[in-house]
Amino acid sequence: HSLGLIVFYAVLPTVVGLIVAAFLARSVRRGLTIYRTLLFLPQAIATVVSGVAWKWIYVDSGPLSSALRAVGLGGLIPEAGWLGEPSLALMGIGLVGSWIMLGLCTVLFLAGAQSIPTSLYDAARVDGAGPVREFLAVTLPSLRGEIAFALAITTIAALRAFDLVYVMTGGGPDNATKVPAVYLYQRAFQQGEVGAACAVAVVLTLIIFAVTALIARLQPRRET
């Protein structure tokens, strides 16, 4: 389940954030501050508040199901609800995580993209590079440090995810969204097995350290 959340919390926001940041840095000249503020807004909202709001969106009478019924796609709505269907619950939480992390990644990449020397893009255009080749040859290599940092913080957020999962599903249905932090909470505070919960916390901490160390290898080395 944590690996699944990493895809939504880290991989998806990083990929989409790179594309959005490259587009904004290349095409948008006016109102860039407004775009950055709107994209970063989910980070400013408490995760519990976001979880409660999205749980209401996902309920059978919420905006998502109502919109599908309005356009004649009511048959797509699961009988048990979006968060009540084991095969969809983790994806539903993951998409909320993507929405929260996307703005952070985009703003980080946008700041890095604006610091890339324009001479590199001019040289690429002289060589006949188009927007895609410019992105692959100039933007992407220049943002290695920002990408590594974004992957590190978003992966850590995915591995220690608790409040969003606990508020939206509590680890259900049928343990389909149970993640280590929720499992730790249940063992410690619901079952009273503090020792086992501490063991889970130590293992989770070691996993986070190991994953962060691997991602840190993506950081470009400074020349001395």
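The backbone N or O of K178 lies less than 3.5 Å from a partner atom in the side chain of H1, making a donor-acceptor pair. Remark: the backbone N or O of L151 is paired with a side-chain donor or acceptor of T154 at under 3.5 angstrom. S98 contributes a side-chain N or O that, together with a main-chain N or O of F8, makes up a donor-acceptor pair within less than 3.5 Å. No donor-acceptor pair closer than 3.5 Å links the side chain of S65 to the backbone N or O of G62.
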(message) For a side-chain contact (heavy atoms from CB on, under 4.5 Å) check, start with the C-alpha distance between I215 and F149, then their side-chain angles and the critical distance, and finish with the verdict.
(response) CA-CA 8 Å; I215 296 175; F149 180 74; over 6 Å; no
(request) Apply side-chain contact (heavy atoms from CB on, under 4.5 Å) to M101 and V16, showing your working. (result) CA-CA 10 Å; M101 294 298 170; V16 177; over 6 Å; no
(request) Start with the C-alpha gap between T169 and V182, add the side-chain angles, then the distance that decides, and say whether side-chain contact (heavy atoms from CB on, under 4.5 Å) holds. (result) CA-CA 10 Å; T169 62; V182 173; over 6 Å; no
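Rounded to the nearest 0.5 Å, atoms CG (L204) and CG (L159) are 6.5 Å apart. Note that the CZ atom of R160 and the OG1 atom of T205 stand 11.5 Å from one another [nearest 0.5 Å]. Here the OG1 atom belonging to T118 is positioned 5.0 Å from the CG atom belonging to D122, to the nearest 0.5 angstrom. Summarising the geometry, atom CZ belonging to R125 is positioned 10.5 Å from atom CG belonging to L120; distances are rounded to the nearest 0.5 Å. Note that CZ of R69 is 9.5 Å distant from CG of L64, once rounded to the nearest 0.5 Å. Taken to the nearest 0.5 Å, the CG atom of L12 stands 7.5 Å off from the CG atom of L95.
Residues L136 and R133 are not in side-chain contact: their nearest non-hydrogen atoms beyond the backbone lie 4.5 Å or more apart. Proximity of Y9 to I100: side-chain heavy atoms (C-beta onward) are nowhere separated by under 4.5 Å. Side-chain contact between Q114 and L24 is absent, with no heavy-atom pair separated by less than 4.5 Å. Counting heavy atoms from C-beta outward, L140 and F135 have side chains that approach closer than 4.5 Å. In this structure, T212 and T155 have side chains that are not in contact, with every pair of non-hydrogen atoms separated by 4.5 Å or more. Taking 4.5 Å as the limit, every side-chain heavy atom of F40 sits out of range of all side-chain heavy atoms of T106. Between I153 and L104 the shortest side-chain heavy-atom distance falls below 4.5 Å. Under the 4.5 Å side-chain criterion, counting only non-hydrogen atoms from C-beta, V200 is not in contact with R187.
Around atom OH of Y183, no more than 12 heavy atoms belonging to other residues, nucleotides or ligands sit under 6.0 Å away. Atom CD of Q190 sits in a crowded spot, with more than 12 heavy atoms from other residues, nucleotides or ligands closer than 6.0 Å. Other residues, nucleotides and ligands contribute more than 12 heavy atoms inside 6.0 Å of the CZ atom of R36. Around CG of L38, the count of heavy atoms belonging to other residues, nucleotides or ligands within 6.0 Å exceeds 12.
Hydrophobic clustering, with ILVMFWY side chains joined whenever heavy atoms are under 4.5 angstrom apart, keeps F109 apart from I19. Criterion: ILVMFWY side-chain heavy atoms under 4.5 Å apart, direct or through other members. Under it, L90 and V165 are part of a common hydrophobic cluster. By the rule that hydrophobic residues join a cluster once side-chain heavy atoms approach within less than 4.5 Å of another member, V52 and W56 end up as members of separate clusters. By the rule that hydrophobic residues join a cluster once side-chain heavy atoms approach within less than 4.5 Å of another member, Y58 and V71 end up as members of one cluster. In terms of hydrophobic clustering, with Ile, Leu, Val, Met, Phe, Trp and Tyr side chains grouped at heavy-atom distances under 4.5 Å, L184 and I93 are assigned to different clusters.
Summarising the geometry of A188 relative to V194, their closest heavy-atom pair is O-CG2, 4.3 Å, with the distance given to 0.1 Å. Nearest heavy atom pair, residue E134 against residue A129, reads OE2-O, 3.9 Å. The minimum heavy-atom distance between A25 and A113, with the atom names listed, is CB-CB, 4.0 Å. Shortest non-hydrogen contact noted between S142 and I116 is CB-CD1, 3.5 Å. A pairwise comparison of heavy atoms in G51 and V167 identifies C-CG1, 3.8 Å as the closest pair. Between L164 and G97, the shortest heavy-atom contact is CD2-N, 4.1 Å.
In this structure, Y185 and F189 have tilted ring planes: the angle between them lies in the 30° to 60° band.
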